[in-house]
Amino acid sequence: MGKVERDEDGTIAGLKQVAAQFAVAVTPHLQSLIDPADAKDPIARQFLPDAAELEVHEHERGDPIGDDAHSPVPGIVHRYPDRVLLKLVNVCPVYCRFCFRREMVGPGSKGLSAEQLDAAIEYIAQHPAIWEVILTGGDPLIVSPRRLKEVIARLNAIPHLGVIRIHSRVPVVDPAKINDAMIDALKSSDKAVWLLLHANHAREFVPDSIAAIRRLVEAGVPMLGQSVLLKGINDSPAALTDLFRAMVANRIKPHYLHHGDLAKGTSHFRLSLEEGQMLMRRLRGHTSGLLQPTYILDIPGGHGKVPVGPGYAEPNADGSWTVTDPWGCSHRYDDPLGRE
Ligand SMILES: *Cc1c(COP(=O)(O)O)cnc(C)c1O
Ligand code: SF4
């Protein structure tokens, strides 16, 4: 892990190299939210490139969550029996500096061709165990409403599908895209369309993005929040509380808090699992139950997502349990049904 050489002004040489290696894009909407006077601006830190990205740690990898190993046809990732990812595009309106798919997404990468989309949809149709399709990528809401409506219609024609899920950052990074045509495309589905919004800081919730979220929720689209735990952005109880309150106040249920994936050049965003668990403990009991997401690790190598605590119940040798309350005190719990 080499130390980055910086120019006298601290950045320029490194930044050019970063932009050569990883995609860079910031929407005008987000640019308007950045406070130039704030050196620790949480919007700038998420989207503006940093020379620290050139420091690649030995544990970091090109495919941190092992998508490649589970891709039967282009555009499909089938790791869990009942659900698949369908990656329509590999582009995003913005490029998060900590992106777990940063080696795959970017303006140079191609989306699915018409033939590849046919083959991906055929794969779903041929596998009755698939109950849910997760549109991701790339950001699926970057495609035109007309194309999205077409894809939704084709998915609606597959009887064994129960739900269409969309993973998107568009409502907070480019809220103008949630226009009438987009709402119409989402409402055209007979199957439930769920939207998982990726947001990491309360500052992403401003009048324009709040209005976009409102249009979605009022169109009958249930919304869940997913966030990434990021050093210098949301690594305090106050920042997480503000973020999850902003979600809940806008009718979005915080769902997953992801432990940062081991993507290349992202070590400056990384917290330890222990720090993550400590933050989760601080939320439990101190803030509404509606605010509590599940803290998730995507096990490197494609082994799946699992909750990583903190745990509150420990088995004792005598068959009882020790349960910790939200304030850190331990209590004995005798389960009337005992333990194996
Ligand atoms: C994250 C992910 C899913 C969705 O998992 P959930 O726990 O249902 O959110 C599905 N397939 C793949 C390959 C994934 O990486
Ligand atoms: S929106 Fe998602 S896929 Fe796109 S750059 Fe950000 S984290 Fe990566």
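Hydrogens, waters and symmetry mates are skipped; everything else that's a heavy atom, side chains included, is used. One is the number of the first residue; the rest follow in order along the sequence. For ligands, and for the atoms within them, numbers begin at 1 and follow the listed sequence.
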**Student:** Note the single closest protein heavy atom to atom 1 (C) of ligand 1, along with its residue, its atom name and the distance in Å.
**Tutor:** Lys305 NZ, 1.3 Å
**Student:** Centres of the Tyr123 and His78 rings: under 6.0 Å?
**Tutor:** yes
**Student:** Look at the side-chain heavy atoms of Ile, Leu, Val, Met, Phe, Trp and Tyr, link any pair under 4.5 Å apart, and say whether Phe100 and Val308 land in one connected group.
**Tutor:** no
**Student:** Indicate yes or no: does an N/O atom of Arg101 lie under 3.5 Å from an N/O atom of ligand 1?
**Tutor:** no
**Student:** Which ligand 2 atoms does Val94 reach within 4.0 Å, using its non-hydrogen atoms?
**Tutor:** 5 (S)
**Student:** Are there more than 12 heavy atoms of other residues, nucleotides or ligands under 6.0 Å from atom NZ of Lys191?
**Tutor:** yes
**Student:** Output, in order, the C-alpha distance, side-chain angles, deciding distance and verdict of side chain to side chain contact (heavy atoms under 4.5 Å, CB included) for Ile43 and Glu204.
**Tutor:** CA-CA 8 Å; Ile43 307 287; Glu204 292 167 54; 3.9 Å; yes
**Student:** Can you tell me which residue and heavy atom of the protein come closest to atom 15 (O) of ligand 1, and the distance to 0.1 Å?
**Tutor:** Arg79 NH2, 2.7 Å
**Student:** Quick one: does ligand 2 sit under 4.0 Å from the side chain of His198, the backbone, both or neither, non-hydrogen atoms only?
**Tutor:** side chain
**Student:** List-wise, which protein N, O or S atoms are found short of 2.8 Å from atom 8 (Fe) of ligand 2?
**Tutor:** Cys99 SG
**Student:** Can you list everything that forms a ring-ring contact (aromatic ring centres under 6.0 Å, His included) with His303? Sequence neighbours excluded, please.
**Tutor:** none
**Student:** Calculate, to the nearest 0.5 Å, the distance between atoms NZ and CD belonging to Lys87 and Gln116 respectively.
**Tutor:** 12.5 Å
**Student:** Between Glu275 and Leu271 (side chain of the first, backbone of the second, donor and acceptor by atom type, cut-off under 3.5 Å), is there such a pair?
**Tutor:** no
**Student:** Tell me which protein heavy atom sits closest to atom 4 (C) of ligand 1, plus the residue, atom name and distance to 0.1 Å.
**Tutor:** Ile134 CD1, 3.6 Å
**Student:** Run the ring-ring contact (aromatic ring centres under 6.0 Å, His included) test on His268 and Phe98 for me, step by step, so that the C-alpha distance in whole Å, both residues' side-chain angles and the decisive distance to 0.1 Å come before the verdict.
**Tutor:** CA-CA 9 Å; His268 53 302; Phe98 44 84; 9.5 Å; no
**Student:** Which protein non-hydrogen atom lies closest to atom 7 (O) of ligand 1, naming both residue and atom, and how far is it?
**Tutor:** Tyr256 OH, 2.7 Å
**Student:** So does Glu274 have more than 12 non-hydrogen atoms from other groups sitting under 6.0 Å from CD?
**Tutor:** no
**Student:** Counting heavy atoms only, which of Arg165, His255, His167 is nearest atom 9 (O) of ligand 1?
**Tutor:** Arg165
**Student:** Does Tyr312 have Arg281 sitting over its ring (NZ/CZ under 6.0 Å from centre, angle to axis within 45°)?
**Tutor:** yes
**Student:** May I ask you to identify, for His78, whether its side chain, its backbone, both or neither come under 4.0 Å of ligand 1 on a heavy-atom basis?
**Tutor:** neither
**Student:** Testing Lys264, Gln17, Arg97 one by one against Glu53 for a side-chain hydrogen bond (donor to acceptor under 3.5 Å, both in side chains), which residue passes?
**Tutor:** Arg97
**Student:** Is the shortest distance from a heavy atom of Val173 to ligand 2 less than 4.0 Å?
**Tutor:** no
**Student:** Check this for me - ligand 1, Glu132, N or O atoms closer than 3.5 angstrom, yes or no?
**Tutor:** no
**Student:** Below a 4.0 angstrom heavy-atom separation, can you tell me which part of Thr136, side chain or backbone, both or neither, approaches ligand 2?
**Tutor:** neither
